[in-house]
Amino acid sequence: RKEVEQDPGPFNVPEGATVAFNCTYSNSASQSFFWYRQDCRKEPKLLMSVYSSGNEDGRFTAQLNRASQYISLLIRDSKLSDSATYLCVVTQRTDSWGKFQFGAGTQVVVTP
Amino acid sequence: DTAVSQTPKYLVTQMGNDKSIKCEQNLGHDTMYWYKQDSKKFLKIMFSYNNKELIINETVPNRFSPKSPDKAHLNLHINSLELGDSAVYFCASSHRGTSGGRETQYFGPGTRLLVL
């Protein structure tokens with residue numbers, strides 16, 4: 001079983017609609033959580049960190065459920081420019097240096 | 001003003017050749033990384049250096065050898081290239097300090113390696 005798993009999608013979303021997707025992680029000792037965004041043939045870029053109490057950044061809302069070991073990302077009022085692959089990232093502190101574990105990504109396609 | 005730069009952007013080479021990829025960051029970060037992203041888009045860490053010291057060395061063939069001449073540079077040398085090495089290689093950097101895994105990673109644009 002992969003340490004970080006995501007539904008690859010694609011999630012086809014009409015412009016203006018809401019889309020949400022999850023990411024599950026296997027290590028209960030996981031420490032920090034992030035969502036990165038990767039456009040086609042580009043590098044990943046940080047979208048937002050995920051805090052225990054949940055957090056919002058404009059149209060984006062991230063949640064963490066430690067009991068069920070998943071994080072979620074919700075995008076409201078989707079824009080065409082939101083089309084991308086969203087990577088879930090989890091860090092674990094198995095030694096002095098936490099490693100970043102990336103999921104394979106969820107593809108979102110926003111259509112006019 | 002590229003924060004993390006990699007050269008070359010594209011690399012097409014024959015099996016058995018030796019090649020190097022260079023990475024530089026001008027963010028003043030103390031930690032640098034090499035990742036491999038395969039055709040399934042899975043991004044997997046290969047190596048990490050903190051202040052020029054190797055801190056993460058995943059299960060990677062020893063044909064791959066990283067070198068960090070200083071904190072701003074992390075190069076990757078690959079010997080005897082194989083077909084399975086074809087992938088996109090991303091360099092990244094972060095300021096780890098005492099944040100221990102909570103910091104943001106900044107990625108370079110990637111090097112697309114194709115081994116024929």
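Worth saying up front: this structure is predicted, and the values here are computed from it rather than measured. When reading the values below, keep in mind they use all heavy atoms of this one structure, side chains included, and skip hydrogens, waters and symmetry mates. Convention: sequence-line order gives letters A, B, ...; per-chain numbering from 1.
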Please determine whether residues [X] and [Y] belong to a single hydrophobic cluster, defined as Ile, Leu, Val, Met, Phe, Trp and Tyr linked transitively by side-chain heavy-atom distances below 4.5 Å.
X       : Y        : value
B:Tyr33 : A:Leu46  : yes
A:Tyr70 : A:Val89  : no
B:Phe90 : B:Leu114 : no
B:Val88 : B:Leu116 : no
A:Val13 : A:Leu74  : no

[X] portion near chain B, given a 4.5 angstrom heavy-atom threshold:
X       : result
A:Gln38 : side chain
A:Lys45 : neither
A:Tyr36 : side chain

| Within 6.0 angstrom of B:Tyr106 OH, more than 12 heavy atoms from elsewhere |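 No, the 6.0 Å shell around OH holds no more than 12 heavy atoms from other groups.
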| task | Side-chain contact test, heavy atoms from C-beta onward, threshold under 4.5 Å: evaluate it for A:Arg41 versus B:Arg112 and give yes or no. | result | yes
| request: Let me know if B:Gln105 has heavy atoms under 4.5 Å from chain A in its side chain, its backbone, both or neither. | output: both
| request: Please determine, among B:Thr104, B:Ile45, B:Leu43, the option with the most heavy-atom pairs under 4.5 Å with chain A. | output: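 Top option by heavy-atom pairs under 4.5 Å: B:Leu43.
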| note | The reported gap from OG1 in A:Thr85 to NZ in B:Lys41 (rounded to nearest 0.5 angstrom) is 7.5 Å
| query | Does the separation of the ring centres of A:Phe100 and B:Tyr35 fall below 6.0 angstrom? | reply |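 That pair fails the under 6.0 Å test.
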